Amino acid sequence: MLEWAKYRKQLSSRVNELGGLSPATLDGVRTLGGAGQKTGRLDARTRELIALAVAVTTRCDGCIASHTAEAAKAGATREEIAEALGVAIALNAGAALVYSSRVLDAFDTVNG
């Protein structure tokens with residue numbers, strides 16, 4: 001298992017290094033990350049729960065490290081996180097089902 005706090009610190013250092021090399025890129029990502037906060041329609045806890053579900057579906061360890069800490073800071077409970085992860089699991093299963101039908105379609109196309 002990853003040492004998440006250590007990993008988050010290492011990742012932050014490398015991201016800051018990249019930001020020094022390409023500041024506009026990092027500024028752009030920060031702008032995107034903060035855009036949802038400006039509407040006020042979702043609270044921070046809900047946004048972080050969504051971010052964790054997306055982090056799982058995109059398989060982003062850095063996102064998991066960062067957004068788990070932010071979700072905890074926003075007051076998310078372990079049970080709420082588990083429910084959000086359940087949505088991610090269901091979505092991945094659904095995507096696999098949909099793409100499985102594409103495989104059959106591709107097979108039928110190449111097999112005449």
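Note that the structure is a prediction, hence the values are computed from the model and not measured.
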Asker: Could you work out, with side-chain hydrogen bond (donor to acceptor under 3.5 Å, both in side chains) as the rule, every residue matching T109, not counting sequence neighbours?
Answerer: none
Asker: Using salt bridge (charged side-chain N to carboxylate O under 4.0 Å, His left out) as the criterion, list what pairs up with E70, not counting sequence neighbours.
Answerer: K73
Asker: Would you check if D61 and Y7 make a side-chain contact, meaning some heavy-atom pair closer than 4.5 Å?
Answerer: yes
Asker: Ignoring hydrogens, what is the shortest heavy-atom contact between P23 and L21? Give both atom names and the distance.
Answerer: CD-C, 3.7 Å
Asker: List the atom pairs, with distances to 0.1 Å, where a side-chain N or O of residues 94-106 and a protein N or O form a donor-acceptor pair under 3.5 Å, not counting sequence neighbours.
Answerer:
from, atom 1, to, atom 2, distance (Å)
S100, OG, A96, O, 2.6
S101, OG, V98, O, 2.5

Asker: Considering only residues two or more places apart or on different chains, which pairs with a residue in residues 13-31 satisfy salt bridge (charged side-chain N to carboxylate O under 4.0 Å, His left out)?
Answerer: R14-E17
Asker: Could you list all the disulfide (SG to SG under 2.5 Å) pairs where at least one residue sits in residues 15-73, not counting sequence neighbours?
Answerer: C60-C63
Asker: About how many Å separate NE2 of H67 and CG of L49, when rounded to the nearest 0.5 Å?
Answerer: 11.5 Å
Asker: For T77, what residues pass the side chain to side chain contact (heavy atoms under 4.5 Å, CB included) criterion, not counting sequence neighbours?
Answerer: E79, E80
Asker: Are I81 and V56 linked, directly or through intermediate hydrophobic residues, by side-chain heavy-atom contacts shorter than 4.5 Å (ILVMFWY only)?
Answerer: yes
Asker: Can a donor-acceptor pair be found, under 3.5 Å and without considering hydrogens, that links the side chain of S12 to the backbone of R8?
Answerer: no
Asker: Measure the CD-CD distance between E3 and Q10 for me, rounded to the nearest 0.5 Å.
Answerer: 8.5 Å
Asker: Can you sort out the partners of V15 under side chain to side chain contact (heavy atoms under 4.5 Å, CB included), two or more places apart, ordered by chain and number?
Answerer: L11, L26
Asker: Filter on salt bridge (charged side-chain N to carboxylate O under 4.0 Å, His left out), then keep only pairs touching residues 46-60, sequence neighbours left out; what's left?
Answerer: none
Asker: Which heavy atom in L52 sits nearest to a heavy atom in I64, and how many Å separate them?
Answerer: CD2-O, 4.1 Å
Asker: With sequence neighbours left out, write down each residue that passes side-chain hydrogen bond (donor to acceptor under 3.5 Å, both in side chains) with T57, or none if nothing qualifies.
Answerer: none
Asker: Does T46 have any side-chain hydrogen bond (donor to acceptor under 3.5 Å, both in side chains) partners at least two apart in sequence or in another chain, and if so, which?
Answerer: D43
Asker: According to a hydrophobic-cluster definition based on side-chain heavy atoms being under 4.5 Å apart (Ile, Leu, Val, Met, Phe, Trp, Tyr only), do L85 and V54 belong together?
Answerer: no
Asker: Tell me the disulfide (SG to SG under 2.5 Å) pairs involving residues 66-112, sequence neighbours left out?
Answerer: none
Asker: What residues form a side chain to side chain contact (heavy atoms under 4.5 Å, CB included) with K38, not counting sequence neighbours?
Answerer: none
